[in-house]
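Below is one structure, written out as structure tokens; the observations come after it.
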Amino acid sequence: MLPVIGFILIFKLGDAAMGFMVKPFWVDAGFSASQIGAVSVNLGLALSIAGGIAGGWYTDRVGIFRALWVLGLYQIASNLGYVWAASVLPLGADNALIPWQHTLLLYAASGVESFTGGLGTAAFLAFLMAIVDQRHSATEYALLSSVFALSRSLAGWAGGFGAEAMGYADYFLLTVFLGFPALLLLPWVARMLRLMANSEAEAPMQAQ
């Protein structure tokens, strides 16, 4: 069970570690509050919802285990867009003088990250729902969600220190590598999913 708890704790760690530093990066790159709100927030929310719908459909088609590693890889790879943007965009630029190519690059990085974040979240939530005991589903789901929230809190606390010490590009690259340890725990995840599937299959037989 401990590897599964570890998986829950870190599956979204790379995504969360970068997410907390996205807005500061936009600001330091010279983008206005209206640009940040329109793209990083409003459009990002729409793309996250679209990613969640697409991720739910994919998870239903291929199963939770395959969705976790496939969509998990997409979730990790999307951070490279911000690595590229942070390597290209100068900090402290005048908003009126930002080239349209830089604007397009950052918009694209934000859109892809939002969509793939929704993909990964859909598979992750499906996993959480699959491993809770149906008799105590609300309590167990709340506990597991709290474990997941802990990693987000730690990532938010450490993100500012990391970006300041390393610079945005190197810090965003670090978040890419933070996504891989969770994938190493997938064999234990598969075992847990099989255990829960067998338990559900045996339940009707025991009731008879």
Would you name the heavy atoms of [X] and [Y] that are closest together and state the gap between them?
X	Y	value
Leu178	Ala17	CD1-CB, 4.0 Å
Ala54	Leu119	CB-CD2, 3.9 Å
Ile8	Ile131	CD1-CD1, 4.1 Å
Ser110	Trp26	CB-CZ2, 3.8 Å
Leu73	Phe180	CD2-CE2, 4.1 Å
Ala123	Ile64	O-CG2, 4.3 Å

*Passes side chain to side chain contact (heavy atoms under 4.5 Å, CB included), Leu91 versus Tyr168? Steps please.*
CA-CA 10 Å; Leu91 300 182; Tyr168 283 112; 4.0 Å; yes
Is there a path from [X] to [Y] through hydrophobic residues (I, L, V, M, F, W, Y) whose side chains come within less than 4.5 Å of each other?
X	Y	value
Met166	Leu80	yes
Tyr82	Phe20	no
Leu184	Met192	no
Val88	Tyr171	yes
Ile53	Leu125	no

Whether [X] side chain and [Y] backbone form a donor-acceptor pair below 3.5 Å:
X	Y	result
Asn95	Gly30	yes
Thr59	Gly55	yes
Lys12	Gly117	yes

*Less than 6.0 Å separating the ring centroids of Phe115 and Tyr74?*
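When the ring centroids of Phe115 and Tyr74 are compared, they turn out to be at least 6.0 Å apart.
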_Phe127 and Phe7 aromatic centres sub-6.0 Å_ = yes
Can you tell me how far [atom2] of [Y] sits from [atom1] of [X], rounded to the nearest 0.5 angstrom?
X	Y	atom1	atom2	answer
Leu185	Ile10	CG	CD1	5.0 Å
Asp94	Ile98	CG	CD1	7.5 Å
Phe65	Arg194	CZ	CZ	8.0 Å
Gln75	Leu183	CD	CG	9.0 Å
Leu89	Asp28	CG	CG	11.5 Å
Thr175	Glu113	OG1	CD	9.0 Å

Please examine the side chains of [Y] and [X], heavy atoms only from C-beta on, and report whether any two atoms are closer than 4.5 Å.
X	Y	result
Phe31	Thr103	yes
His102	Pro90	yes
Leu193	Val189	yes
Phe11	Leu68	yes

*Once the angle between the rings of Phe172 and Phe25 is folded into 0 to 90°, is it parallel (under 30°), tilted (30 to 60°) or perpendicular (over 60°)?*
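Phe172 vs Phe25 ring planes: perpendicular.
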*With no hydrogens and no angle check, do the side chains of Ser32 and Gln35 hold a donor and an acceptor under 3.5 Å apart?*
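Their side chains do contain a donor-acceptor pair, which is all the 3.5 Å distance test asks for.
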*Step-by-step side chain to side chain contact (heavy atoms under 4.5 Å, CB included) determination, Val70 to Tyr58*: CA-CA 10 Å; Val70 172; Tyr58 183 78; 3.7 Å; yes
